[in-house]
Amino acid sequence: MQLNIGWLYPNLMSTYGDRGNVICLQRRCQWRGLEVNILPLDQENDIQYFHEFDVVVGGGAQDRQQEIVMRDLQGEKATIIKQKLNAGIPGVFTCGSPQLLGKYYEPALGKKIDGLGILDLVTKHPGQNVPRCIGNVAFEIVPPNLAEDIREMTGDCPIIVGFENHGGRTYLGDVSPLGKVISGYGNNGEDGFEGAFYQSAIATYAHGPLLPKNPFLADWLIIKAIEQKYQQKINLSPLEDTLANQGRKAILKKLGLMGNNR
Ligand code: GLN
């Protein structure tokens with residue numbers, strides 16, 4: 001078996017270390033003997049890569065880079081991404097990326113950036129003088145189907161931990177939140193929601209990077225990608241995740257959430 005990992009605009013949307021999500025997916029596939037290719041989905045590479053990815057990763061970026069990305073992510077590229085996410089191709093999108101999957105992003109400076117409209121959400125930056133949402137974030141998974149899958153995989157439904165750093169505040173329309181905030185800001189620091197979840201697309205403000213800190217999410221994405229590509233169920237062999245679990249415990253302890261440790 002072989003998986004193609006699409007990486008959205010790696011040179012523009014890697015400001016906050018989300019390349020770790022690509023590396024985590026790649027290694028967790030390789031450790032199980034799965035062949036993996038990494039396909040840059042950007043303005044410099046062949047548009048054919050957009051047709052070929054089986055799972056997609058989008059990282060975070062500063063407002064200026066997001067504007068540059070959206071100038072390129074139009075036309076056929078936008079159509080392919082929409083079609084594939086609507087069809088259930090899995091992906092993980094962090095911070096600036098989900099902002100671009102939404103209806104629009106109003107940055108602190110400059111014009112409103114129209115998004116792809118795949119996720120029913122909008123993001124508004126309250127201005128450069130308003131403190132950014134920065135710090136550790138922890139949240140419970142909300143979508144029942146995702147929670148059930150994770151429970152089936154791990155025997156539990158662990159708290160997701162990460163680190164957020166965003167100025168934009170995101171407001172959900174008719175789309176499921178990814179999580180219910182336990183600690184941190186989440187989408188906007190007001191409604192208690194974090195991220196969004198649509199088909200098999202995970203949208204979140206949690207950097208960290210997210211997947212090395214929550215390896216069960218990486219495995220969920222790999223399983224979904226294989227199911228979509230090969231139309232077959234698969235059980236992934238367990239990996240040695242002691243280090244990741246120790247890292248999670250350290251964050252949960254720091255947030256005073258060890259009692260909820262999962
Ligand atoms: N530039 C966007 C914001 O400040 C996204 C930041 C990010 O990707 N971490 O909200």
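Starting from 1, each residue takes its place in the sequence as its number. Everything quoted here is computed from the prediction, not taken from an experiment. In each ligand, atom 1 is the first atom listed, and ligand 1 is the first ligand listed.
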Distance-only side-chain donor-acceptor flag, [X] / [Y], under 3.5 Å:
| X | Y | result |
| --- | --- | --- |
| E164 | Y16 | no |
| T204 | E194 | yes |
| Y105 | D63 | yes |

| field | salt bridge (charged side-chain N to carboxylate O under 4.0 Å, His left out) pairs, two or more places apart, involving residues 32-52 | value | R32-D219
| message | Tell me which residues fall inside the under-4.0 Å heavy-atom shell around ligand 1. | response | Y16, G60, A61, Q62, D63, Q66, C95, G96, Q99, Y105, R132, N165, H166, G167, G168, H207
| query | Taking only residues two or more places apart in sequence or in another chain, which ones pass side-chain contact (heavy atoms from CB on, under 4.5 Å) with A250? | reply | none
| side-chain hydrogen bond (donor to acceptor under 3.5 Å, both in side chains) involving D191 - partner list, sequence neighbours excluded | N188
